[in-house]
Amino acid sequence: MYSHLFSKITVGGKELKNRLTMAPLYLGYAGEGGTVSELFLDHYRLMAKSGVGMVVVENATVDYPTGSGSNRTLRADTDENMEGLTRLATTIKKQGAIACQQINHAGRFAAIADPALAPSAVQTFGRMPRPLTKDEMRKIAKKFAEAAVRLKKAGFDMVELHGGTGYLLSSFVSPRTNKRDDEYGGSPQNRQRFPLEVVQEVKAAVGDFPVGYRFLADEWLPDGLNLAESVEYGKALAGAGVAYISVMGGTYESFFLPHVIQASGKDGYMVELAAAVKKAVNVPVITAGRISTGAIAESALAEGKADLIGLARVLWADPDWPSKVKEGRENEIIHCASECDDTCTKLVTKGKLAFCVRWNHDKLQEWKGKRA
Ligand SMILES: Cc1cc2nc3c(=O)[nH]c(=O)nc-3n(C[C@H](O)[C@H](O)[C@H](O)COP(=O)(O)O)c2cc1C
């Protein structure tokens with residue numbers, strides 16, 4: 001029935017069995033200090049088993065502690081995690097999904113760094129980050145490259161650079177958080193310079209290995225990055241050879257604004273952002289954001305608004321979403337409910353492990369057992 005959704009596609013030279021991907025979803029399941037825990041492995045085994053063509057594992061830090069979102073953020077900055085990362089890649093691939101690992105520097109939102117590091121000293125949630133020197137920026141670009149090489153060695157099929165959520169790469173692109181007066185600030189081209197250098201550094205280090213990009217299309221803040229400017233950045237990324245662009249909107253500073261909460265409660269709320277980017281680039285584009293039904297996914301693809309679908313909370317709330325859609329059992333889908341007031345986000349921002357309010361009693365008990 002959904003002929004676009006269940007058709008194959010090649011991304012960065014790798015064939016995906018369908019257009020469904022798991023979009024990165026940090027849930028606090030890594031062990032203390034960012035290790036691959038049994039809970040983490042079980043979770044990703046289930047996500048890969050769901051039938052999606054590709055799993056993009058939640059953000060892993062390239063630099064600890066200054067790049068780390070929390071003490072339970074996976075670490076890709078150390079060979080000490082090689083065994084765990086290898087098990088993770090193997091676990092995902094065994095279920096027939098392409099394994100992609102997202103890598104990140106949390107920048108001004110690095111919870112365990114004091115001070116946090118950023119393009120400029122622009123306060124966030126009462127904390128003032130310290131502006132990076134050019135030498136530090138070069139080192140961070142190298143750390144991204146080293147992490148990507150590590151993940152290639154661990155057996156992942158590709159990596160994704162996290163250029164969303166207001167973390168370091170997107171904070172350089174944003175006119176709101178980048179107030180630098182050197183060649184890395186000011187004009188859009190200058191603000192895009194550092195993340196593009198990171199892309200180049202990573203690509204040079206990994207060679208023939210696909211590098212995707214999580215893309216901030218709109219900050220949803222009056223003085224923030226807007227779509228007109230980000231589309232130009234999308235063109236530059238495609239020109240730099242990224243394997244795909246995975247579009248999202250918002251940062252921690254906009255996610256919780258009442259009008260953003262309301263808008264992001266709607267099905268397919270980021271599809272039009274992806275459509276604008278897709279019009280401008282010649283690489284595959286992923287759209288995510290409450291893709292609740294097969295029909296929403298299929299129409300985004302059929303209307304040429306995206307090439308791939310990203311499911312984050314949607315898949316976590318119901319790992320049988322792909323099979324229920326494929327088998328015409330959509331009425332059985334357990335939907336991620338906006339009425340829950342984003343319990344999962346609130347739990348992880350408080351440093352807790354996330355559970356889904358839509359899970360049934362048995363599933364919750366099973367999770368509690370594994371969490372312990
Ligand atoms: C709790 C939570 C954690 C997230 N973690 C990440 C992440 O690590 N990396 C990322 O790029 N996006 C992350 N996202 C954004 C999701 O990938 C996705 O874009 C968003 O949740 C919308 O899709 P959905 O409605 O299917 O959840 C996260 C979202 C939530 C709610």
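First listed ligand is number 1; within each ligand, the first listed atom is number 1.
- Checking Lys14, Glu160, Met22, Met158 one by one against Met54, the side-chain contact (heavy atoms from CB on, under 4.5 Å) holds for a single residue, Met158.
- Ranking the protein heavy atoms by distance from atom 18 (C) of ligand 1 puts Ala312 CB, 3.8 Å first.
- Residues Glu201 and Arg138 are paired through a salt bridge, judged by an N-O separation under 4.0 Å between the basic side chain and the carboxylate.
- Salt bridge Asp77/Arg150: absent, no basic N to carboxylate O contact under 4.0 Å.
- Considering backbone and side-chain N/O of Leu27, none are found under 3.5 Å from N/O of ligand 1.
- The pair Lys143-Glu136 does not meet the salt-bridge criterion, since no charged nitrogen lies less than 4.0 angstrom from a carboxylate oxygen.
- Taking only nitrogen or oxygen atoms, main chain and side chain alike, Thr345 does not reach within less than 3.5 Å of ligand 1.
- Of the listed options Arg290, Arg313, Lys346, Arg214, Arg214 places a heavy atom closest to atom 10 (C) of ligand 1.
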Working for salt bridge (Lys or Arg N to Asp or Glu O under 4.0 Å), residues Glu366 and Lys363: CA-CA 5 Å; Glu366 186 194 335; Lys363 168 88 186 170; 5.4 Å; no
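- For atom 1 (C) of ligand 1, the closest non-hydrogen atom on the protein side is Tyr26 O, 3.6 Å.
- Listed by atom number, the atoms of ligand 1 under 4.0 Å from Gln102 heavy atoms are 7 (C), 8 (O), 9 (N), 10 (C), 11 (O).
- Salt bridge annotation for Glu38-Arg87: present, with a cationic side-chain nitrogen under 4.0 angstrom from a carboxylate oxygen.
- Ligand-side atoms of ligand 1 in range of Asn59: 7 (C), 8 (O), range being under 4.0 angstrom from any heavy atom.
- Here ring pair (Phe, Tyr, Trp, His ring centres under 6.0 Å) pairs that include residues 111-170, with residues two or more places apart or in two chains, are His162-Tyr167, Tyr167-Tyr252.
- Every residue two or more places apart in sequence or in another chain was checked for a ring-ring contact (aromatic ring centres under 6.0 Å, His included) with Tyr26, and none qualifies.
- Interface of His162 with ligand 1, defined as ligand atoms under 4.0 Å from a residue heavy atom, comprises 9 (N), 10 (C), 11 (O).
- Heavy-atom contacts of Val314 reach the following atoms of ligand 1: 26 (O) (cutoff under 4.0 Å).
- At least one heavy atom of Gly289 sits under 4.0 Å from some atom of ligand 1.
- Among protein heavy atoms, the minimum distance from atom 2 (C) of ligand 1 is reached at Leu25 CD1, 3.4 Å.
- Below 4.0 Å from some heavy atom of Tyr269 lie the following atoms of ligand 1, by number and element: 22 (C).
- Phe194 contributes atom CZ, which lies 9.0 Å from atom OG of Ser171 (distance to the nearest 0.5 angstrom).
- The option from Pro24, Ala288, Ala23 that lies nearest to atom 16 (C) of ligand 1, judged by heavy atoms, is Pro24.
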